[in-house]
Amino acid sequence: RTTTVSVIKADIGSLAGHHRVHPDTILAASRVLAEAKRKGVIKSFYVTNAGDDLQLIMTHFKGVDNPEIHELAWTAFREATKVAKDLGLYAAGQDLLSDAFSGNIRGLGPGVAEMEFVERPSEPIVVFMADKTEPGAFNLPLYKIFADPFNTAGLVIDPRLHDGFIFEVLDVFEGKAVELRAPEEIYDLLALIGTPSRYVVKRVYRKSDREIAAVVSSERLSLIAGRYVGKDDPVMIVRAQSGFPAVGEVLEPFAFPHLVAGWMRGSHHGPLMPVGLKDSKVSRFDGPPRVIALGFQVKNGELIGPADLFDDPAFDEARRQAQMIADYIRRHGPFMPHRLGPEEMEYTTLPEVLKRLKDRFKPVEMGYKPKVKHESGEAADVD
Ligand code: 13P
Ligand code: 13P
Ligand code: MG
Ligand code: MG
Ligand code: MG
C-alpha cells in the first residue's frame with residue numbers, strides 16, 4: 001500500500017496586513033480536516049501557518065491529484081475565508097482565484113505539493129513552507145541537497161546516493177518540463193534553474209530506482225491571474241535518511257540566507273531567513289522572506305511530529321546574516337537589484353505608473369537607431 005503526503009496552502013487573509021494567519025482561521029480549517037479524518041477521507045493532518053499562509057499538511061491513501069482530497073482542501077480554505085471575512089482580516093480569500101471547484105485545486109490559486117510512496121520502515125520527511133517568496137526560491141537549496149557534495153556528504157560516502165538524482169525542471173511560462181541528471185548534467189541544470197522566476201525544480205527522483213525524493217508547489221499566482229496577487233509562498237516536501245540525504249543535509253543549504261524574489265509587494269529581492277514556528281510571521285518591510293521546516297515521521301499513513309527544525313541556535317548565525325543582508329539591500333530603496341527587474345514587475349502595478357509617463361516622452365536625436373526592446377528588458381541583436 002502506498003501513502004500520500006499532500007501539502008496544500010493558501011493565503012486566505014491575515015492579521016494586520018500580510019503579517020500572519022489568525023488562529024481562528026487555523027481552527028476553522030482544522031475543524032474541516034478533523035471531520036474528514038473521522039470519516040476516513042484522510043489518515044492524519046497538521047494545520048499550521050507560514051506567515052500569512054495557511055498550511056494543510058495531510059496524509060492519506062488516495063494518491064496525488066485526488067479530487068476528494070483537493071475538494072477537502074478547497075472546503076477548508078473556504079471555511080477559513082468565511083472566518084477571515086467575519087473578522088475583517090486583510091485580503092480575505094486572497095489566493096482563492098476562482099469561485100468554482102472542478103475536481104482539481106491546481107490552477108485555482110492554492111499551492112500544491114504532493115508525493116506518493118511505499119513507506120520505508122522509518123520514513124522521515126521535512127515539510128518546508130516559505131512566505132514572501134516564489135517557488136524558484138527552493139531551486140538553490142534543492143541543487144545543494146541533491147547535487148552538491150560540499151553540502152551533502154552522502155553523495156560521496158553513501159553508495160545508495162552515489163549515482164545521483166534526476167531533477168524535473170518546469171518552465172512555468174511555457175508549461176513544459178525537462179528532466180536533467182545530476183551529476184552528469186549539472187551545468188545544463190544550473191543554466192536553467194539559475195533563472196528561478198521561470199525555471200522551477202518541480203520534483204527530484206533518486207536516479208537508481210526513480211524513487212521520489214522531493215516535490216515543490218510550482219503555482220505562480222501572477223501567471224494564473226495575469227496580475228499581481230501577492231507572492232506564491234511555496235511549499236516543499238523532502239524525504240530524508242536511508243537512501244536519501246540525511247535531515248541535516250536537507251537543512252544545511254538554509255544556513256546560507258540566499259537572495260530570493262518576493263518581500264514587500266512581491267517586488268523585491270531579499271534574504272530567505274530560516275525561522276521556527278514562533279517566528280512564522282513577517283514584519284520588517286513585510287519580511288524578510290521566511291522559511292519554516294517541520295520534520296515528521298510517517299508511519300502507517302500517520303504523521304508523527306512535528307519537529308520544528310529551524311527553532312535551533314544552530315541557525316542563529318543565518319538569521320543574523322539575513323538581518324545584515326536585509327539592512328544592506330534595503331538601502332537601495334526603489335533601485336534594482338533590490339526592486340525586481342522589468343519582466344517580473346510586469347505583473348505589479350508599476351506598468352500603470354509607467355503608462356502615465358509614456359506621453360511625456362519626446363523623441364531625441366541619438367545618432368543611432370536603438371535596437372534594444374527595453375520594455376520587456378529583452379535585447380535584440382546584442383550579446
Ligand atoms: P547518530 O549516531 O546520532 O544516529 O547519527 C547518525 C548520522 O548519520 C547523523 O548524520
Ligand atoms: P503575500 O503573498 O504573502 O500575501 O504578500 C503580499 C504582499 O504584498 C506583501 O507586501
Ligand atoms: Mg497576504
Ligand atoms: Mg504570504
Ligand atoms: Mg502570497
Side-chain angles (χ1 to χ4, degrees), residues 7-26 28-29 47-57 73-74 76-78 80-81 83-85 87-98 105-113 127-138 172 196-197 200 216-236 260-275 277 279-294 340 344-345 347-349:
V7 182
I8 308 186
K9 51 78 50 181
D11 180 339
I12 52 81
S14 44
L15 177 62
H18 296 283
H19 173 66
R20 62 157 298 153
V21 169
H22 191 286
D24 288 2
T25 61
I26 293 185
V47 181
T48 187
N49 77 297
D52 65 353
D53 290 84
L54 181 59
Q55 313 282 344
L56 314 177
I57 304 168
W74 186 251
F77 292 139
R78 293 294 288 253
T81 299
V83 174
K85 284 187 171 153
L87 297 175
L89 298 184
Y90 191 69
Q94 177 177 297
D95 289 355
L96 308 187
L97 301 179
S98 169
I105 203 164
R106 287 188 292 122
L108 302 185
V112 184
V127 176
F128 291 92
M129 303 169 289
D131 188 31
K132 304 299 181 272
T133 188
E134 62 187 19
F138 289 130
V172 294
S197 55
V200 173
V216 175
S217 68
S218 51
E219 285 69 25
R220 298 276 340 250
L221 284 160
S222 59
L223 300 178
I224 296 171
R227 63 187 160 84
Y228 178 67
V229 279
K231 268 299 186 228
D232 321 298
D233 309 324
V235 289
M236 166 165 87
V260 298
W263 208 348
M264 173 57 71
R265 297 170 188 272
S267 306
H268 295 83
H269 287 115
L272 186 63
M273 183 190 267
V275 294
L277 279 173
D279 295 313
S280 184
K281 56 195 175 188
V282 298
S283 55
R284 183 181 179 185
F285 203 52
D286 285 0
R290 288 181 203 213
V291 59
I292 312 333
L294 296 186
L340 303 187
E344 286 298 292
M345 294 304 289
Y347 296 97
T348 69
T349 43

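Throughout, residue positions are numbered sequentially from 1 according to the sequence presented. Just follow the structure's listing: the first ligand is 1, and inside any ligand the first atom is 1. The structure displayed is predicted, hence computed values, not measured ones.
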Modelled atom types, side-chain donor and acceptor of Asp52 and His18, under 3.5 Å:
yes
By ring pair (Phe, Tyr, Trp, His ring centres under 6.0 Å), His22 pairs with (sequence neighbours left out) none
Residues Glu219, Arg106: salt bridge by 4.0 Å N-O rule
no
Sequence neighbours excluded and cut-off under 3.5 Å, please list the side-chain donor-acceptor pairs for residues 221-230, or say none.
{"from": "Tyr228", "atom 1": "OH", "to": "Arg265", "atom 2": "O", "distance (Å)": "3.1"}
{"from": "Tyr228", "atom 1": "OH", "to": "Gly266", "atom 2": "N", "distance (Å)": "3.0"}

Ignoring water, what protein N, O or S atoms are under 2.8 Å from the Mg ion (ligand 4)?
Asp52 OD1, Asp53 OD1, Asp131 OD1, Asp233 OD2
Using only atom types and a distance under 3.5 Å, with no angle test, would you say the side chain of Ser217 pairs donor to acceptor with the backbone of Val235?
yes
Would you be so kind as to tabulate the donor-acceptor pairs closer than 3.5 Å made by side chains of residues 7-16, with sequence neighbours excluded?
{"from": "Lys9", "atom 1": "NZ", "to": "Asp53", "atom 2": "OD2", "distance (Å)": "2.9"}
{"from": "Lys9", "atom 1": "NZ", "to": "Asp232", "atom 2": "O", "distance (Å)": "2.7"}
{"from": "Lys9", "atom 1": "NZ", "to": "Asp233", "atom 2": "O", "distance (Å)": "3.0"}
{"from": "Asp11", "atom 1": "OD1", "to": "Gly13", "atom 2": "N", "distance (Å)": "2.9"}
{"from": "Asp11", "atom 1": "OD2", "to": "Gln94", "atom 2": "NE2", "distance (Å)": "2.9"}
{"from": "Ser14", "atom 1": "OG", "to": "Gly17", "atom 2": "O", "distance (Å)": "2.7"}

